[in-house]
Amino acid sequence: VVDDIRLDREKLERGLHKWFAENNRLGTITSFNDGESLLRVFEPEKFQMVFMDILMNDLNGIETVQKLRACDNKTLIIFTTSSREYAFDAFPLHPFDYIVKPCTQAKMNQVLSEAVNFLEVPEPVIDVRVSRSTYRIKLSDISAVMSRDHYVEIVLSGGKCMMCSMAFREFEAELYEDARFLLCNRGIIINMDHVASLSRDKNLFIMKDSLSIPIKVRSKAKIIEQFTQYQISRIRGGKRI
């Protein structure tokens, strides 16, 4: 829990403890009064979820999560704020939900129940053939998949690439039912969780590893609409499909 207002921080803690008790769950809550204090101790996947206030002195919640996301894209982020105007600033950071203060116990219960359900869903994997070996890769680790002549290039989180001897249509079939993946051009599929931003002219997806992915011109409006709707579903607490 990160909030520079002590009363808000303590209210959130009480709500969390109440949910734990009523649902027979065990949980550890660590609180910070600013973003810098969290970042000093943060390590990838150290926390399952972070309740982050946006309006704080010095380093605000958006800036804190930007730094956090540089090394961790799996921790669930629930923004808390007294104003709705920052919701769109939060989109690129892929928050799980967005709570407008004052936070009611009913809203807290809803967010926690959805978050726990999300965390307990096994992460889907795909078996990838590389030469004579087969590797099992989590779908969440895939940033993009691109057809390269008779091979498929898989770009993983962090920029690492793999060239595999599988048909692009095999990947398309495997990823089709997962809402995170978007066919944005011929022979190119991206994981929308790995998108950092759209280019100014909206012709490119800029990925978190700085890779630029072209958007099919003739289908641009439809592709951007699908991306926007996915972002909205994430900030409303949409679950992985």
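Note: hydrogens, waters and symmetry copies are ignored here, and every other heavy atom, side chains too, is used. Sequential numbering from 1 along the given sequence is applied to the chain's residues.
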**OP:** Sorted by first residue and then second, give each ring-ring contact (aromatic ring centres under 6.0 Å, His included) pair with at least one member in residues 201-223; sequence neighbours left out.
**Re:** Phe205-Phe227
**OP:** Look at Glu123 together with Arg180 and state whether they make a salt bridge at an N to O cut-off of under 4.0 Å.
**Re:** yes
Original post:
Which hydrophobic side chains are connected to Leu26, either touching it within the sub-4.5 Å cutoff or through other members that do?
Top reply: none
Original post:
What closest approach, in Å, do Met56 and Gly35 show between heavy atoms, and which atom pair accounts for it?
Top reply: CE-N, 4.0 Å
**OP:** Write out all pairs satisfying side chain to side chain donor-acceptor pair (under 3.5 Å) with one or both partners inside residues 44-70, taking only residues at least two apart or from two chains.
**Re:** Asp53-Lys101
Original post:
What's in the same ILVMFWY side-chain cluster as Leu204, cut-off under 4.5 Å, chained through other members?
Top reply: Ile206
**OP:** Taking only Lys NZ, Arg NE, NH1 and NH2, and the carboxylate oxygens of Asp or Glu, determine whether Glu170 and Arg129 approach each other closer than 4.0 Å.
**Re:** yes
Subject >> side-chain contact (heavy atoms from CB on, under 4.5 Å) partners of Arg136, counting only residues at least two apart >> reply: Val125, Asp127
Original post:
Side-chain contact, heavy-atom cut-off 4.5 Å: Phe42 with Leu68?
Top reply: yes
**OP:** Give every residue pair that meets the side chain to side chain donor-acceptor pair (under 3.5 Å) criterion with at least one member in residues 153-169, sequence neighbours excluded.
**Re:** Arg148-Glu153
Subject >> Pairwise side chain to side chain donor-acceptor pair (under 3.5 Å) hits with a residue in residues 205-220, at least two apart >> reply: Asn203-Lys220
**OP:** Mind checking ring-ring contact (aromatic ring centres under 6.0 Å, His included) for Phe181 and listing every partner two or more places apart, or none if nothing turns up?
**Re:** none
Original post:
Can you name the residues that form a side-chain contact (heavy atoms from CB on, under 4.5 Å) with Arg40, not counting sequence neighbours?
Top reply: Glu36, Ser37
Original post:
Do Ile62 and Phe79 have side-chain heavy atoms sitting under 4.5 Å apart?
Top reply: yes
Original post:
Below 4.0 angstrom, N of the basic side chain to O of the carboxylate: do Lys107 and Asp97 qualify?
Top reply: yes
Original post:
Partners of Ser147 by side-chain contact (heavy atoms from CB on, under 4.5 Å), sequence neighbours excluded?
Top reply: Phe168
**OP:** Let me know which of Ile77, Leu76, Leu119 forms a side chain to side chain contact (heavy atoms under 4.5 Å, CB included) with Phe96.
**Re:** Leu76
Subject >> Residue list, side-chain contact (heavy atoms from CB on, under 4.5 Å) with Ser133, at least two apart or on another chain >> reply: Tyr135
Subject >> Hydrophobic cluster of Met163, others only, ordered by chain and residue number, side-chain cut-off 4.5 Å >> reply: Tyr151
